[in-house]
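What follows is a single structure, written as structure tokens, with notes after it.
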Amino acid sequence: MKAALVGDDGGLLHRARRATGRDRGPDAVVADILGFAAELRAYGLERYGEPAAAAGLAVPGIVDERNGVAVYAANLGWRDVPLRALLAERLGVPVALGHDVRTGGLAEGRIGAGRGADRFLFVPLGTGIAGAIGVDGRVEAGAHGFAGEIGHVVVRPQGAECPCGQRGCLERYASASAVSEAWAAACGDPEADAADCAKAVASGDPNAVRVWQGAVDALADGLVTALTLLDPRTLIIGGGLAEAGDVLFRPLRDAVRRRVTFQKLPSIVPAALGDSAGCLGAGLLARDLLTTGPTPTTPEVTA
């Protein structure tokens with residue numbers, strides 16, 4: 001878990017981390033979140049003379065932002081947890097609950113790599129792949145909270161099985177975990193990961209180049225589908241795989257460019273905020289609660 005106190009100007013005043021404690025079960029994770037937030041509130045009161053005026057929380061999985069419920073998170077064992085209400089009761093302040101990727105995307109869009117873009121798509125390449133669709137300073141959650149799940153766009157029909165139940169999903173080919181798995185098999189080292197593959201690509205290893213290009217091609221196929229539907233002005237790529245820098249972005253830009261026909265090619269840029277994006281996005285949405293309050297048409301997204 002990552003937590004922060006965020007000032008009125010959006011600056012990070014204090015940061016902290018703690019293990020989720022998921023080995024003790026889903027209820028323990030909820031208890032740890034509430035306790036962590038209470039400690040952060042106490043720190044703010046002691047250090048700055050007043051507690052935070054609002055709070056934001058972002059979680060993985062399926063999130064009902066409108067009702068403040070963590071609907072489902074496989075890694076944490078959650079089903080229908082009313083996190084917003086629980087945290088509001090614990091802290092006594094307004095709370096916004098959101099999806100972790102959409103929250104990070106909100107921060108990247110407003111104050112990060114997408115700043116100034118009226119339409120953007122944020123795609124972090126991590127254990128899986130998700131996306132945040134930015135429109136005029138907000139992030140679209142969709143009618144049921146599923147918007148942006150680009151990792152489950154099928155790019156290789158009848159390909160590898162995905163835990164979602166489909167075959168050939170993008171994240172089975174282009175996520176950091178997928179590249180790690182493919183490179184470990186190709187080089188014969190079960191401990192090898194995507195970062196090792198990127199280094200081998202930079203040194204000209206042909207096996208690494210083959211694995212890497214396969215991931216890039218799959219990613220380009222998925223991104224072209226997304227930009228055909230969404231027409232973003234800026235395409236922001238983040239997550240662990242993006243840390244490869246030009247080793248990723250040079251072939252990716254070329255691959256996307258080769259695939260577009262009538263579509264307008266967006267700017268393809270690396271994310272700017274790193275692992276601070278979630279906390280900054282949480283602060284932005286907590287501040288939104290204070291300035292405008294939640295409305296039926298404004299998704300709440302936080303960290």
Side-chain angles (χ1 to χ4, degrees), residues 2 6 10 56-66 70-73 96-153 164 169-171 174-176 219 222-243 249 252 256 266-288 294 297-303:
K2 300 172 191 144
V6 182
L57 174 66
V59 297
I62 299 169
V63 183
D64 181 348
E65 292 157 354
R66 187 179 301 273
V71 177
Y72 177 68
L97 176 72
H99 184 273
D100 55 353
V101 171
R102 290 197 289 268
T103 302
L106 181 77
E108 286 287 353
R110 286 197 194 175
I111 60 176
R115 187 170 188 169
D118 56 346
R119 302 287 191 280
F120 70 88
L121 178 64
F122 170 58
V123 180
L125 309 174
T127 304
I129 299 177
I133 302 165
V135 182
D136 292 332
R138 66 180 181 85
V139 173
E140 175 59 49
H144 307 94
F146 292 3
E149 290 292 345
I150 186 175
H152 297 289
V153 169
C164 80
C169 288
L170 175 60
E171 69 176 41
S175 63
L219 181 57
L223 292 178
V224 169
T225 296
L227 69 88
T228 302
L229 291 170
L230 302 173
D231 188 25
R233 199 171 305 277
T234 304
L235 186 54
I236 306 165
I237 307 297
L241 220 57
E243 294 175 6
F249 284 92
L252 179 61
V256 172
S267 298
I268 302 176
V269 300
L273 302 177
D275 67 358
S276 296
C279 286
L280 288 168
L284 289 170
L285 283 159
R287 188 170 62 184
D288 284 354
T297 58
T298 304
E300 300 163 49
V301 191
T302 34

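- Put simply, CD1 on I62 and NE2 on H144 are 11.5 Å apart, with the number rounded to the nearest 0.5 Å.
- For A70, the side chain to side chain contact (heavy atoms under 4.5 Å, CB included) partners at least two apart in sequence or on another chain are V59, W78, V81, L83.
- Checked against side chain to side chain donor-acceptor pair (under 3.5 Å), R119 has the following partners two or more places apart in sequence or in another chain: D136.
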Just distance, no hydrogens or angles: give the donor-acceptor pairs under 3.5 Å from side chains in residues 270-278, sequence neighbours left out.
{"residue": "D275", "atom": "OD1", "partner": "R15", "partner atom": "NH2", "Å": "3.4"}
{"residue": "D275", "atom": "OD2", "partner": "R17", "partner atom": "NH2", "Å": "2.4"}
{"residue": "S276", "atom": "OG", "partner": "R15", "partner atom": "NH1", "Å": "3.3"}
{"residue": "S276", "atom": "OG", "partner": "R15", "partner atom": "NH2", "Å": "3.2"}

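- Note that CG of L230 and CD1 of I150 are 8.0 Å apart. Values are rounded to the nearest 0.5 Å.
- With sequence neighbours left out, the side chain to side chain donor-acceptor pair (under 3.5 Å) criterion links S267 to no other residue.
- Looking only at side-chain heavy atoms (C-beta outward), E140 and R102 stay at 4.5 Å or farther from each other.
- Under the 3.5 Å distance criterion, the side-chain polar atoms of E65 are matched with a main-chain donor or acceptor of H99.
- Annotation: side chain of V71 is not in contact with side chain of V63 (no heavy-atom distance under 4.5 Å).
- Checked for salt-bridge contact, R115 and E108 miss the test: no charged N lies under 4.0 Å from a carboxylate O.
- The two atoms that bring A117 and T234 nearest to each other are CB-OG1, 3.5 Å, heavy atoms only.
- Counting only residues at least two apart or on different chains, no salt bridge (charged side-chain N to carboxylate O under 4.0 Å, His left out) pair has a member in residues 122-132.
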- Show the numbers, then the answer: is there a side-chain contact (heavy atoms from CB on, under 4.5 Å) between L227 and L121? CA-CA 8 Å; L227 69 88; L121 178 64; over 6 Å; no

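- The line from CG of L284 to SG of C279 is 11.5 Å long, rounded to the nearest 0.5 Å.
- Put simply, the side chain of V153 does not reach to within 4.5 Å of the side chain of C169, judged on heavy atoms.
- Across every non-hydrogen atom of G222 and L170, the tightest pair is CA-CD2, 4.3 Å.
- Nearest heavy atom pair, residue G56 against residue A282, reads O-CB, 3.9 Å.
- Contact between A132 and G105 at its shortest, heavy atoms only, is CB-CA, 3.9 Å.
- Qualifying side chain to side chain contact (heavy atoms under 4.5 Å, CB included) partners for E243, counting only residues two or more places apart in sequence or in other chains: none.
- In terms of heavy atoms, A174 sits closest to I129 at C-CD1, 3.7 Å.
- Under the salt bridge (charged side-chain N to carboxylate O under 4.0 Å, His left out) criterion, R110 pairs with D288, sequence neighbours left out.
- For I237, the side chain to side chain contact (heavy atoms under 4.5 Å, CB included) test picks out V123, L125, L223, L235, A242, L248, F249, L252, I268, with sequence neighbours left out.
- Distance CD1/I133 to CZ/F122: 13.0 Å, rounded to 0.5 Å.
- What you find for A176 and L241 is that their closest heavy atoms are CA-CD1, 3.9 Å.
- A salt bridge (charged side-chain N to carboxylate O under 4.0 Å, His left out) check over residues 228-242, counting only residues at least two apart or in different chains, returns the pairs D118-R233.
- Applying the side chain to side chain contact (heavy atoms under 4.5 Å, CB included) test to T127 and every residue at least two apart in sequence or in another chain returns S177.
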